[in-house]
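These notes concern the structure reproduced below.
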Amino acid sequence: MATVTLTIDNVKLEVEQGTSILDAAKQIGINIPTLCYMKEINAIGACRICVVEVQGARALQAACVTPVTEGMVVKTNSAAVRASRKMTLELIQSNHPQECNTCLRNNNCELQALSEAMRLTEIRFVRPAQSHSKDDIDNSSPSIVRDPRKCILCRRCVAVCEKVQGVKCISAVNRGFETIVAPPFDQGLNDVNCAMCGQCSLVCPTGAITEVDDTGKVWRALDDPSKHVLVQTAPAVRVAIAEEFGMEPGTVSTGKLVAALRRLGFDSVMDTDFTADLTIIEEGNEFIKRVTEGGVLPMITSCSPGWIKYIEMYYPDLLAHLSTCKSPQQMFGALAKTFYAEKKAIDPASIYSVSIMPCTAKKFEAQRDELTDSGYQDVDVVLTTRELARMLREIGIDWESLPDEDYDAPMGLSTGAAVIFGATGGVMEAAVRTVYEVITKEAMPDINLTPVRGMEGIKEATLKVGDLEVKVAVAHTLGNARKLLDKIRAGEADYHFIEIMCCPGGCIGGGGQPIPTNLDIRLKRIAGTYKADEDLPIRKSHENPAITAIYEEFLGQPLGEKSHKLLHTHYVPRGVYRKPEGLPDKVPSGDHH
Amino acid sequence: MGAECKCNCDQEKKLDALFAQYKGNSNGLIVVMAAIQEVHGYLPKDFLVKTAEELGVPLSDVYGVATFYAAFSLRPRGRHCVNLCLGTACYVKGAPDVQTILEQEMGIKAGNTTEDRRFSLDLVRCLGACGIAPVLTVNGEVYPRMTAEKVNEILAKYE
Ligand code: SF4
Ligand code: SF4
Ligand code: SF4
Ligand code: FES
């Protein structure tokens with residue numbers, strides 16, 4: 001490995017050739033400030049907050065895009081550097097609404113933090129007419145809000161949308177002060193090919209792209225004595241929410257989460273993990289049926305709503321590959337207003353069904369027309385992990401002193417197989433644990449399916465299940481999903497079963513999770529997820545006694561009539577910019593409602 | 001879509017050939033867009049969508065390019081191009097008043113085209129005729145020392 005010797009702030013150091021000044025400085029404990037830079041995703045040298053002085057160079061250099069050279073002498077702290085950074089910041093702030101106190105990103109904003117760190121004490125040239133006004137705020141989407149007034153044009157969102165998700169429904173438009181990062185033709189995000197994944201909201205350094213804040217709706221329901229307000233919590237929330245209260249990423253806090261929701265006043269606190277187990281039973285049986293009866297293969301998982309919207313837009317011809325299973329959130333929603341209402345003798349019309357999700361696309365999913373099989377909108381409102389934390393802060397919850405509490409019956413009991421739904425590969429692993437034992441009627445020798453775990457973009461495994469060689473693949477991010485789908489289109493995919501999650505790392509890296517969410521934090525949340533799995537007494541969905549009970553009491557049998565009505569769904573071919581000709585209105589086109 | 005266009009059949013064929021030539025090739029973006037601009041006088045939305053689909057370029061990028069280069073226009077041009085100079089001399093000598101009246105009479109904001117496509121109104125930088133400021137041009141014909149009062153009389157000449 002070739003190395004380069006250079007001097008940074010009078011410290012001599014040797015680094016790998018090709019290293020940027022930014023990374024080299026990090027090695028000696030100097031964090032050069034950045035705004036537009038994102039490791040491996042956005043290195044465009046646009047914001048110029050990271051400038052440093054390089055001896056012999058005429059102008060200050062952007063450290064994020066300047067590679068080190070032999071003998072280079074760098075100053076990261078000279079008067080010229082400090083003045084330039086301050087000026088850059090001041091110019092950004094001059095075209096920025098000074099609204100920190102009412103901004104969703106207050107106290108968690110990179111622009112604010114930098115202004116504080118650099119002791120910006122005045123903004124001398126506030127533009128009398130700012131480039132964008134409140135009228136430019138895009139409220140069209142059920143998932144994401146764009147506020148161009150707060151955009152600093154770093155293009156991190158564009159880079160993530162393009163390079164991670166392969167969508168790029170937003171781009172820099174216009175020139176000069178008029179420049180705006182927006183969907184084409186002045187359309188709202190809801191009107192374009194946005195997957196609603198919220199990855200843009202995770203990487204935006206400011207409050208220019210945020211989740212839609214639905215906390216007001218939930219407060220209103222909680223304050224309404226005529227409503228029975230129940231809540232479900234997704235697998236990935238329990239390994240992330242503690243970060244909002246200063247705890248280490250990956251801390252498993254299931255019991256505290258339940259306690260916190262009771263403090264908020266929910267009438268019943270139950271678990272999406274219960275319906276994750278149910279998903280495995282339904283999807284596992286659907287898979288076995290497709291394999292034995294010659295159904296469409298590979299079968300692809302359907303629990304990630306950003307992924308579902310993506311395939312509906314980009315690969316509408318492949319919709320028959322999707323499992324017809326609803327996502328765990330929507331299975332829960334349909335059962336809450338039928339099974340639960342019946343069992344508790346509550347009028348389903350008075351049930352207000354809330355879910356806590358790591359995901360902005362879940363907000364979109366809950367509003368889909370067809371997800372009303374209970375006779376009502378099955379899930380009334382979705383809060384992201386960030387929104388729940390906001391509510392808890394509002395009532396002064398001291399996270400650390402919360403006790404551990406248990407979920408309520410009858411939809412509160414779950415297994416390790418359900419917890420791992422939160423990590424990429426988890427749904428596949430959970431399904432295999434059940435499919436293996438249903439087919440072979442024997443205990444699986446090792447239920448840890450390690451080849452499908454971890455952050456690699458596409459993972460594959462082949463398993464012997466009885467006489468059957470089952471070939472599976474797992475992809476996370478839409479960019480990786482596209483690679484598998486292209487293979488299917490080309491007839492080159494010999495897999496039986498594919499898991500796809502929209503977000504990097506799976507739901508633990510979802511667009512509604514605490515900010516920051518980066519690779520390091522994702523890995524810690526994944527570790528927390530598998531630890532939670534190992535710590536649970538039951539780790540296979542088909543061994544969950546509450547699942548056995550719901551089939552005996554209510555559903556009948558997997559893929560039975562009631563399941564068909566309440567737990568399965570259809571999909572809508574959409575096309576990217578317009579609906580392609582010759583496709584049906586829904587898939588499957590049969591009697592799936 | 002445009003393929004069924006009645007008037008410009010040869011031109012349309014040229015566009016179709018370009019779409020075919022650059023299918024799946026994002027390098028053809030500017031060439032294709034320039035051709036659309038030439039054939040139609042602006043970039044109709046349907047054609048930009050088709051460009052995105054055929055070349056495999058995200059529509060947001062196509063639109064970004066369309067709004068970045070001054071040579072591209074997202075609106076149809078009117079039969080008559082009215083340009084008002086807003087250079088310093090013209091500005092000082094009352095061009096803003098002329099603009100107000102022009103916008104009122106046409107019922108549009110500068111930068112747009114009237115519904116009936118009779119006029120496109122644009123504001124331009126100094127035309128180098130400061131001696132006769134404020135300057136208005138219609139289809140290249142120069143009208144010196146413009147005042148708000150003269151606007152109607154001049155517009156009436158163009159049907
Ligand atoms: S984006 Fe940041 S700097 Fe701007 S108003 Fe919000 S908190 Fe303040
Ligand atoms: S939500 Fe996802 S698809 Fe939509 S703009 Fe953001 S990153 Fe792109
Ligand atoms: S919306 Fe946020 S991430 Fe996107 S360019 Fe603006 S500031 Fe950057
Ligand atoms: S962080 Fe280096 S130019 Fe923006």
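Convention: sequence-line order gives letters A, B, ...; per-chain numbering from 1.
Between A:Y577 and B:A52, the shortest heavy-atom distance links the atoms CE1-CB, 3.8 Å. Pairing each heavy atom of A:V167 with each of B:P58, the nearest pair is O-CB, 4.3 Å.
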Handout entry: Residue pair B:S60, A:I170: steps toward the side chain to side chain contact (heavy atoms under 4.5 Å, CB included) verdict
Key = CA-CA 6 Å; B:S60 66; A:I170 43 177; 5.7 Å; no
Practice task
Give the intermediate values and the outcome of side chain to side chain contact (heavy atoms under 4.5 Å, CB included) for residues A:R175 and B:T67.
Solution key: CA-CA 7 Å; A:R175 275 177 301 178; B:T67 55; over 6 Å; no
Exercise for the section: Evaluate side chain to side chain contact (heavy atoms under 4.5 Å, CB included) for A:V576 paired with B:E53, printing each intermediate quantity in order. Expected result: CA-CA 9 Å; A:V576 182; B:E53 288 170 347; over 6 Å; no
Practice task
Take B:Y63 and A:V173 through the test side chain to side chain contact (heavy atoms under 4.5 Å, CB included) and record every step on the way to the result.
Solution key: CA-CA 7 Å; B:Y63 186 74; A:V173 170; 3.4 Å; yes
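Heavy atoms closer than 4.5 Å to chain A are found nowhere in B:A66, neither backbone nor side chain. Only the side chain of A:Q187 comes within less than 4.5 Å of a heavy atom of chain B; its backbone N, CA, C and O stay farther away.
Around the NZ atom of A:K163, the shell of radius 6.0 Å holds more than 12 heavy atoms that belong to other residues, nucleotides or ligands. Atom CD of B:E153 has 12 or fewer heavy atoms from other residues, nucleotides or ligands within 6.0 Å. The number of heavy-atom neighbours closer than 6.0 Å to OH of B:Y158, taken from other residues, nucleotides and ligands shown, is above 12.
In this structure, the separation between CZ on A:F185 and CG on B:L48 is 4.5 Å, given to the nearest 0.5 Å.
The only option from B:D61, B:V49, B:L59 that meets the side-chain contact (heavy atoms from CB on, under 4.5 Å) definition with A:P184 turns out to be B:L59.
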